[in-house]
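To start, the structure under review is shown below, and the notes come after it.
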Amino acid sequence: MIKVKYMQELPKSYDPKQVEGKIYGFWEKSGFFNPDKLPAPKDEQKKNRKKPYTIVIPPPNVTGSLHMGHALQHTIHDILIRRKRMQGFKTLWLPGTDHAGIATQRAVEKELKKEGKTKFDLGKEEFIKRVWQWKETYGNKILDQLKKLGSSCDWSRTRFTMDKEYSEAVNEAFMHYYKKGWIYRGKRVVNWCVGCRTSLSDLEIEFSEEKGHLWYIKYPVGDSEEFIVVATTRPETMLGDTAVAVNPKDERYKNFVGKRARLPLTNREIPIIEDRLVDKGFGTGAVKVTPAHDLNDAEIGQRHSLEAIQVIDERGRMSQNAPAPYQGLSVLEAREKIVADLRGLGLLEKIEDYLHQVPKCYRCNSTIELIPSEQWFLKMGELAKLAKNAVKSGKTKFAPKRWEKVYLDWMNNIKDWCISRQIWWGHKIPVEGSEDVLDTWFSSALWPFAAMGWPKNTDDLKNFYPTDTLCTARDIINLWVSRMIFSSLEFMKDVPFKTVLIHPTVLTRDGKRMSKSLGTGIDPLELCERYGADATRFGLTWHLTGNQDIRFIEDNIVMGKKFCNKIWNASRFVMMQLPGEMELPKKISAKIPTNKEIIKALEKTVASLDKSLDSYEFGQAARTLYNFFWHDFCDVYIEKAKNQSDEETKKTLLYTLSASLKMLHPFVPFITEEIYQILPIKNRGGILMVENWPKK
RNA sequence: GGGCACUUGGCGCAGUUGGUUAGCGCGUCGCGCUUACAUCGCGAAGGUCGUGGGUCCGAAUCCCUCAGUGCCCACCA
């Protein structure tokens, strides 16, 4: 008896551990993650047969391990790609990793530190060898973790941003800009991380609010007994002052303008000048000008041909240009001493508490100093124009649309991009004498086409470029997305992707950021371990609404687990009802009212599901499926079907179940594939992953 | 300083063009081991939809005010 056989074979509850590894291997063996190996399309899929659907992964850092944001992001990726695959598209999800210059260099330095060494002990060449070793050992960890989630990437196409071919693409891109005159070298005041000892772009800086002070310092004017008082949060920079500036409309200082102030603690005299950048309302309305250590002051300095005296060096210490007593002191030590000395001289008028934004390195959290430094820059003018037009014209669309504004605002206020970094791990700038490497984002900006083999005109570029959907987090819209857009427009003469899908940020239950260091992170792999990958995926999908944030609750994953169990048991029931192997009908024209009803509800569900997915409403899609399967199918229809043993009902049960499995597959791929493989279907195509997506 | 988003039963959230008794998951309380599932079924309690106005025959849903929360951008020393 078939009936008995299936009951004995299938456990009463679904056990992901027995299924997931096995099924993933089954998929990999099929080769169908690779678009070139997809089976010939079936009739229903033919209209899409040659159309590609492509996603490139936002390449995770080789230092990374899977966090909640990744889990959410790749669940979305996999839902998109699996559905398109079932619809007959040639689907490519191209995976890979980013060499992540600073982050990786730091990880290896940390490892060296445990051995009591620094990178200087090894020397540059040995150090880079060591980083490669590290990459070979740990670099693919995150990709393996993606497999646990069920991600259907084409692993045969895995790329790394420092692969030989990829590096050649980076050089090509650099030289292209260079020859065009868009890359220039110059000494500018740049963001300098004293921890990493490298320059950083504006986007690589995070501000942290700190309680500080506003010191009011008296600068004696000329030979008189008069003072001009300046307010500053950073007294130590006064050693590099080369002017005091006031607003031209500020009547209070009219008789000071043109005179010279005597800079305390030094024996220098500096001019008192007028500049429109000065805000009358802040502090005293008179500002000390330090062109070497402040961007505004650099601008004022340029306008008035002021000297820039660098008093802070690359280690964050007071330089040889500072008066002897302060040389070698750290910035904070110098600040303390200077304040004390000023007080001693009676030149400190008052101190106010002041809350200000202190710039920190996004990788090592050290304080950022602004110092003049020789760097390479990419001119952004023309590129920004290209990038703006692509979005304004709708060639690339953001979803949700509101993120377009974030992108356009940044493009409208863009400055030239400092692309050189003074670290060892990365793409060396391909110009003689230069020891610098490129900003890691310079190479990831080329990802959509360089990962497909550019500058060679490869088949992949012909077949799969431009890509369709880029799905990523909002915090790298400008750091990465915008730079891919202008790079692609410049090198490929086309946008890199048609849609940018910005997914929400996963927060803790109380709305806090999930972070390892704060101990607020939840490990998605642990959730997969406890509840199963399908449950984790479904629970996360359930969370997806149009909001900017998600407050993660584990209850949703529990719900996902229960749902999987429901799918499992409904399937067991259907199998019990079947006499043995059965032909799966292509269509049901039901005559019995209950059967008619469920078929109608099924059709409605397919339509609603398609609508939701086409507009990226994944949470809505999950709810639609859940309600249909649990309530319409299980609670109502199956209960009624228990009283019906006719042939039409059996067919309807099998038909509805298999259609449900297809619809559910992109969301919960493991369990649906497992059940599909067990179902006694005579004319089963083979693998659910490439079966037809249901049509209403 | 500018911008974006959020504020719905104990908790986390749906409610896309305004329209009959505002839904879901978890939790709570009853009753059920009925031959797929107790990771279940049936039923119940529980909501002035942040505040104050406005538009409308009618608003959680549109407009304005205010308040709270979170995030992003910004050169205010």
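Residue numbers begin at 1 in each chain, while the letters A, B, ... track the order of the sequences.
- Picking from B/rC37, B/rC13, B/rC42 the nucleotide with the shortest atom distance to the side chain of A/R572 gives B/rC37.
- Under the 3.5 Å distance criterion, with hydrogens and angles disregarded, no donor-acceptor pair is assigned to the side chains of A/E236 and A/Y326.
- Ionic pairing of A/R530 and A/E526 is present here: one or more N-O contacts between side-chain nitrogen and carboxylate oxygen are shorter than 4.0 angstrom.
- When Watson-Crick and G-U wobble pairs are counted only if both distances are under 3.5 Å, B/rG1 pairs with B/rC73.
- Between B/rC49 and B/rU61, the distance separating the two P atoms is 9 Å to the nearest Å.
- A/Y626 comes within contact range of the sugar-phosphate backbone alone, with a heavy-atom separation under 4.0 Å but no base atom that close.
- Among the heavy atoms of the strands lying under 4.0 Å from A/S13 is at least one base atom, whether or not backbone atoms are also near.
- For A/I638, whose side chain is taken as the heavy atoms from C-beta onward, the closest listed nucleotide among B/rG25, B/rA36, B/rU39 is B/rA36.
- The listed nucleotides are B/rC76, B/rA14, B/rC40; the one nearest the side chain of A/F282 is B/rC76.
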Would you check, one step at a time, whether the test side chain to side chain contact (heavy atoms under 4.5 Å, CB included) holds for A/L501 with A/I76?
-> CA-CA 10 Å; A/L501 185 59; A/I76 294 172; 3.9 Å; yes
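- Checked against B/rC76, B/rG3, B/rG25, the side chain of A/K405 finds its nearest nucleotide in B/rG3.
- Counting only heavy atoms from C-beta on, A/Q620 has its side chain closest to B/rU16 among B/rA77, B/rU16, B/rG25.
- Rounded to whole Å, the P atom of B/rC71 lies 30 Å from the corresponding atom of B/rC26.
- Whole-Å rounding puts the A/L578 CG to B/rA36 C1' distance at 12 Å.
- Contact between A/A570 and A/F633 at its shortest, heavy atoms only, is CB-CE2, 4.4 Å.
- For the residue pair A/E206/A/Y362, the side-chain donor-acceptor check at 3.5 Å is not satisfied.
- Relative to the side chain of A/H543, the nucleotides B/rG12, B/rA77, B/rU35 differ in distance, and B/rG12 lies closest.
- Pair assignment for B/rG43: B/rC29, on the basis of Watson-Crick or G-U wobble contacts that are both within less than 3.5 Å.
- A/N565 places its CG atom 6 Å from the C1' atom of B/rC37, with the value rounded to the nearest Å.
- Taking atom CD on A/E299 and atom P on B/rA77, their separation rounds to 16 Å, with Å as the unit.
- Residue side chain A/D555 does not reach the base of B/rC26 through any donor-acceptor N/O pair under 3.5 Å, judged by distance alone.
- As judged by a 4.0 angstrom heavy-atom cut-off over every strand, A/Y354 is placed among residues touching the sugar-phosphate backbone only.
- Checking the phosphate oxygens (OP1, OP2) of B/rA14, a side-chain nitrogen or oxygen of A/N547 falls inside 4.0 Å.
- A/R234 comes within 4.0 angstrom of nothing in the nucleic acid, heavy atoms only.
- Ion pairing of A/R234 with A/E369 is present here, as a side-chain N (NZ or NE/NH1/NH2) and a carboxylate O approach within less than 4.0 Å.
- Each of B/rA36, B/rA5, B/rA14 was ranked by its minimum atom distance to the side chain of A/T545; first place goes to B/rA14.
- A/N595 and A/Y637 share a side-chain donor-acceptor pair at under 3.5 Å.
- B/rG27 and B/rG41 have their P atoms separated by 12 Å, given to the nearest Å.
- Spacing of C1' atoms, B/rA67 relative to B/rC29, comes out at 37 Å, to the nearest Å.
- Taking atom CD of residue A/E206 and atom C1' of nucleotide B/rC73, one finds them 14 Å apart after rounding to whole Å.
- The environment of NZ in A/K651 is sparse: at most 12 heavy-atom neighbours from other residues, nucleotides or ligands sit within 6.0 Å.
- When the nucleotides B/rC37, B/rC13, B/rG41 are ranked by their closest atom to the side chain of A/R623, B/rC13 comes out on top.
- If you check B/rC6 for Watson-Crick or wobble pairing at under 3.5 angstrom, you find it paired to B/rG68.
- The P atoms of B/rC6 and B/rC42 are separated by 34 Å, rounded to the nearest whole Å.
- Taking atom CD1 of A/I550 as the reference point, atom C1' of B/rG12 lies 11 Å away to the nearest angstrom.
- Base contact: A/E617 has a heavy atom under 4.0 Å from a base atom.
- Side-chain atoms of A/A570 lie closest to B/rA36 of the nucleotides B/rA36, B/rC71, B/rU39.
- When heavy atoms are screened at a 4.0 angstrom cut-off, A/E554 is found touching no nucleic acid atom at all.
- Counting non-hydrogen atoms under 4.0 angstrom, A/D635 reaches the backbone sugars and phosphates but no base.
- Note on A/W542: only backbone sugar-phosphate atoms sit closer than 4.0 angstrom, heavy atoms only; bases stay farther off.
- At least one side-chain nitrogen or oxygen of A/K562 sits closer than 4.0 Å to the OP1 or OP2 atom of B/rC26.
- Side-chain atoms of A/K566 come within donor-acceptor range of the base of B/rC37, with a qualifying N/O pair under 3.5 Å.
- In this structure, A/L10 places its CG atom 17 Å from C1' of B/rU39, rounding to the nearest Å.
- For the P atoms, the distance linking B/rG53 with B/rA44 amounts to 36 Å, nearest Å.
- A gap of 15 Å separates the C1' atoms of B/rC13 and B/rA5, to the nearest Å.
- Comparing the C1' positions of B/rG52 and B/rG70 gives a spacing of 24 Å, expressed to the nearest Å.
- Between A/F552 and A/L540 there is a side-chain heavy-atom pair separated by less than 4.5 Å.
- Backbone-only contact: A/W630 has heavy atoms under 4.0 Å from sugar-phosphate atoms and none from a base.
- Across all strands, A/V406 comes closer than 4.0 Å to no nucleic acid atom at all (heavy-atom distances).
- Rounded to a whole Å, the CD1 atom of A/I671 is 12 Å from the C1' atom of B/rC37.
- Atoms CD1 (A/I477) and P (B/rC71) sit 16 Å apart, rounded to a whole Å.
- Residue A/C634 is in base contact, counting any heavy-atom pair closer than 4.0 Å across all strands shown.
- Here A/V574 lies out of heavy-atom contact (under 4.0 Å) with every strand.
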